[in-house]
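Presented below is the structure to which this report refers.
In listed order, ligands and their atoms are each counted from 1.
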Amino acid sequence: MDFTKLPKVELHCHLDGGMDMDLVAEYLESKGEKVSREELTGRLVVPANCTSLADYLKCFDLPCQVLQTKENLRRQAYCLAKADALEGVTYLETRFAPNFHKNEGLNLDEILDAVALGLEDAKKEFGIESGILVCAMRHMSLEDNLAVLKAAREHLGSGVVGFDIAGDEAAFPMEMFTDLFHEAKRLEIPYTIHAGECGRAENVRGAIELGTRRVGHGIAMDGHADIMKMCADKHVGVEMCPTSNLQTHALESLNDYPIRRYLDAGIPVSINTDNRTVSGISLSHEYQVLDDIFHFTDEDLRRIYRDSVDVAFASDDVKEALLRKF
Ligand SMILES: [Zn+2]
């Protein structure tokens, strides 16, 4: 099956992990550095045999340097949504931590506006619907994260559709973020939470208890029937990112990937790239590698699409239009 032709929804896609190669090449050239495509790939894409999280994270250094101006933020958002649109994605939620883009003087409002404009550009040209998820970071102070949350709330409906937290789950478990998510709940901003990407199932339980509507990765709850049941009962969406999970060693083989067990448990599942440039993949590729193992039926694919729309943070009007496309 040609998965580029299948209508798809992408809910977990980092803006800085899906860098446009031309944008980065032009940035380096403007700094007097001419690099071949091969060198660029070496700096932005993890090696196939990536064995360390440090190697994986190193691939975000250069994107962070590039994404310090309004122009580059806008263009990157446009390019990412375009790449998704060209492979059949009808709706994209892209996420990023705006605090990483303040190094050259931009403020949170300018950063969020620039990304929203880029998504708008892509929508006009390719018809792809989209929204921004604003990421807090686990290692940052509550004060900084609350400022990010406040900015996200102010931009809700003007490009922003929701809130998230990313970063080191093992060092900063869910219990540390009770105040932050109680505030998010009080502000009535939808949120998803990176949880269960590492081996800590309790983070998934904690995220659900904090009222999250979705969980990023959720791999660690595999085998915990009580947490899986809680996830299904509360209709919490799980954003699955297979290649990324292999590269960060959330699991050692996709043969063990829990997608079929999650589907069977009644959990709403979406398939995502996480970081398409860093991993050197497309969303269609992620569908293909899982299909090779789990042999999706038409009914599975239809369900994944409809459940993804259902747990998306789009407006009801947008959701209705998206459902008509599959
Ligand atoms: Zn992620």
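Not one N, O or S atom of E239 sits under 2.8 Å from the Zn ion (ligand 1).
To the nearest 10 degrees, the angle centred on the Zn ion (ligand 1) between NE2 in H194 and NE2 in H12 reads 90°. Vertex the Zn ion (ligand 1); arms to H14 NE2 and D274 OD1; angle rounded to 10 degrees, 90°.
If you take OG on S244 and CD1 on I281, they are separated by 7.5 Å, rounding to the nearest 0.5 Å.
Counted by atom type alone, N272 and S270 present one or more donor-acceptor pairs between their side chains at under 3.5 Å. The closest side-chain donor-acceptor pair between H217 and N245 falls under 3.5 angstrom.
Sparse packing is recorded around NZ of K70, with 12 or fewer heavy atoms of other residues, nucleotides or ligands lying under 6.0 Å away.
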